[in-house]
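As structure tokens, the structure follows; a few thoughts come after it.
As the structure lists them, so they are numbered: ligands from 1, and atoms in each ligand from 1. Residues take their numbers from the sequence shown, with the count starting at 1. FYI, side chains are in, hydrogens and waters are out, and symmetry mates aren't considered; it's all heavy atoms of this structure. Because the structure is predicted, anything quoted here is derived from the model rather than measured.
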Amino acid sequence: MALKVVEEWVNACAGCEISILNMGDALIDLFPQLDFVHIPMLMDHKHYGQLGEKDVMDIPEADVGIITGAVRNEEHKHVAEEMRKKCKTIIALGSCATHGGIPAQANMFQKQDILEEIYGNSKTTTPSDIPSQNVPPWLDRVYAVDEVIKVDILVPGCPPHPVCIQDVIKDLLEGKTEWKLPERSVCDTCPTIREKKAIAGVVKRCFENLAFNPEEGPDKMRCINEQGFFCMGPVTLAGCAGRTGVPRCIAARMPCRGCFGPIRKGANPMVDMMGAMTSIGLDAKTLADRRAMLNRFIGAHNMLRPLPARPPRR
Ligand code: SF4
Ligand code: SF4
Ligand code: SF4
């Protein structure tokens, strides 16, 4: 019998859904064994009936529930709770769902300050009142899905790699309801040349190109951190290489931005990354926008919080 699947997006950008589609032929091969009964990205299925005629949320029962996106408002929370009630196995797909992702960068600021900035102070829009009717109220901060409901399988990545999604689905079809990437870093899977010493002490910004020869593979390129740029490979979970063996950004000659999140639960990539930079002679204090950069995808789970207000200068 086919595996019944429902999919929902909350505070998401649709990149994770594109990743499902990016399985390509593999998805077509899996289709006969999958029965997608609700997936807003692909099917016109409303929460309260097609004409809004129902007064309870209408998410069908399923074997597997996939949730993408972070939990920002009361409606997102309600969707996640309904998914948990209706689905035997819940997958949090993508780093917004597993770690808060980009939406959780908002956790650096007080909720009221963000609303005032958007509706009152934005230079690109006309100032207006903060909407309070017919919109779901925000929660106090942005949450990862597992802070709101029990999650069975976490698939990180922004977006997650189609090969990871494919592996999870294959495991589920074989009755395995546990899946986890091995605990190793992006550096562990990176072929670049390392000499354990940065060529400069100050962190360069990616306004200039890395040094590499486009005719040669990344195995002939010097490690990006050692070139003096900021690469989160040392503290980021490996898994984006798919079947190619080379991490996705490194293959594109770009630094890792940390999108798969920390290597293990409870790690503190901010502290670990500053240690990794120091060990090769890169001054972590010269990294622009340090708190945001070091927590770019992982601001839920209280990793990012508003800083206490500074006392006025005398
Ligand atoms: S994890 Fe990335 S791709 Fe997926 S919803 Fe969030 S921002 Fe979009
Ligand atoms: S820091 Fe970046 S470029 Fe250097 S080895 Fe790690 S992943 Fe590769
Ligand atoms: S190299 Fe880093 S940022 Fe790029 S896809 Fe892999 S984990 Fe994500």
Side-chain angles (χ1 to χ4, degrees), residues 7-22 40-41 66-72 76 91-106 142 144-145 154-165 181 184-199 203 206 210-212 217-242 244-263 269 272-273 275-277 279-280 282 293 296-300:
E7 198 273 355
E8 262 291 348
W9 49 3
V10 278
N11 193 163
C13 80
C16 288
E17 282 74 12
I18 299 296
S19 246
I20 297 175
L21 299 180
N22 270 349
M41 171 79 175
I66 302 172
I67 305 178
T68 69
V71 179
R72 161 85 278 185
H76 299 154
I91 301 172
L93 181 66
S95 293
C96 291
T98 58
H99 297 93
I102 296 296
Q105 288 265 299
V142 177
V145 175
L154 299 157
V155 187
C158 179
H161 199 288
V163 164
C164 295
I165 306 173
L181 284 163
R184 54 191 186 145
S185 73
V186 171
C187 289
D188 291 337
T189 63
C190 176
T192 57
I193 299 163
R194 274 158 273 186
E195 296 176 13
K196 300 203 165 99
K197 188 163 178 12
I199 57 171
V203 182
C206 275
L210 311 180
F212 69 95
D219 57 327
K220 299 285 187 297
M221 179 176 85
R222 180 90 181 265
C223 162
I224 296 171
N225 268 340
E226 293 187 6
Q227 289 193 39
F229 294 95
F230 172 64
C231 178
M232 284 281 281
V235 298
T236 301
L237 180 66
C240 65
T244 68
V246 181
R248 219 161 22 178
C249 298
I250 309 304
R253 312 298 198 276
M254 287 296 293
C256 170
R257 300 151 300 130
C259 86
F260 268 58
I263 299 162
D272 296 344
M273 187 65 210
M277 292 166 85
S279 75
I280 58 165
L282 256 186
M293 295 289 273
R296 196 184 307 194
F297 296 92
I298 57 166

Could you tell me, atom by atom, which parts of ligand 3 come under 4.0 Å of a heavy atom of [X]?
| X | answer |
| --- | --- |
| Cys240 | 1 (S), 5 (S), 6 (Fe), 7 (S) |
| Arg257 | 2 (Fe), 3 (S) |
| Arg248 | 5 (S) |
| Cys249 | 1 (S), 3 (S), 4 (Fe), 5 (S) |

Using a 4.0 Å heavy-atom cut-off, which part of Thr192 comes near ligand 2: side chain, backbone, both, or neither?
side chain

Just let me know how Cys190 lines up against ligand 2, side chain, backbone, both or neither, with a heavy-atom cut-off below 4.0 Å.
side chain

Which one of Cys231, Cys256, Pro218 satisfies the side-chain contact (heavy atoms from CB on, under 4.5 Å) criterion with Ile224?
Cys231

Of the options Ser19, Pro160, Ser95, which is the one that meets Val155 in a side-chain contact (heavy atoms from CB on, under 4.5 Å)?
Pro160

Between atom [atom1] of [X] and atom [atom2] of [Y], what is the distance when rounded to the nearest 0.5 Å?
| X | Y | atom1 | atom2 | value |
| --- | --- | --- | --- | --- |
| Thr68 | Ile20 | OG1 | CD1 | 7.5 Å |
| Ile263 | Asp188 | CD1 | CG | 7.0 Å |
| Ile199 | Gln227 | CD1 | CD | 6.0 Å |
| Cys16 | Ile91 | SG | CD1 | 12.0 Å |
| Arg184 | Thr236 | CZ | OG1 | 13.5 Å |

Can you confirm whether [X] sits close enough to [Y] that some side-chain heavy atom of one is under 4.5 Å from a side-chain heavy atom of the other?
| X | Y | result |
| --- | --- | --- |
| Lys197 | Glu226 | no |
| Met41 | Ile18 | yes |
| Cys240 | Pro159 | no |

Do you know the tightest heavy-atom contact between [X] and [Y]?
| X | Y | answer |
| --- | --- | --- |
| Pro234 | Cys187 | N-SG, 3.2 Å |
| Gly239 | His161 | O-CB, 3.9 Å |
| Ala238 | Ser185 | CB-O, 3.4 Å |

Which residue and atom name correspond to the protein heavy atom nearest [atom], and how close is it?
| atom | value |
| --- | --- |
| atom 6 (Fe) of ligand 2 | Cys187 SG, 2.2 Å |
| atom 4 (Fe) of ligand 1 | Cys16 SG, 2.2 Å |
| atom 7 (S) of ligand 3 | Phe260 CD1, 3.6 Å |
| atom 8 (Fe) of ligand 3 | Cys259 SG, 2.3 Å |
| atom 3 (S) of ligand 2 | Ile224 N, 3.2 Å |
| atom 1 (S) of ligand 2 | Asn225 ND2, 3.4 Å |
| atom 2 (Fe) of ligand 2 | Cys231 SG, 2.3 Å |
| atom 5 (S) of ligand 1 | Cys13 N, 3.4 Å |

Would you mind running through ligand 2 and noting each atom that sits below 4.0 Å from a heavy atom of Arg194?
5 (S)

Taking only heavy atoms of Gly233 into account, list the atoms of ligand 2 that are under 4.0 Å away from them.
7 (S)

Should you measure from each heavy atom of [X], which atoms of ligand 1 turn up under 4.0 Å away?
| X | result |
| --- | --- |
| Ser95 | 1 (S) |
| Cys158 | 1 (S), 2 (Fe), 7 (S) |
| Ala12 | 5 (S) |
| Gly157 | 1 (S) |

Heavy atom of Thr236, distance to ligand 3 below 4.0 Å
yes

Within 2.8 Å of atom 8 (Fe) of ligand 1, is there any N, O or S atom belonging to Cys96?
no

At less than 2.8 Å, would any N/O/S atom of Cys223, backbone or side chain, sit next to atom 4 (Fe) of ligand 2?
yes

Between Phe229 and Val203, is the side-chain contact (heavy atoms from CB on, under 4.5 Å) condition met? List the steps.
CA-CA 5 Å; Phe229 294 95; Val203 182; 5.9 Å; no

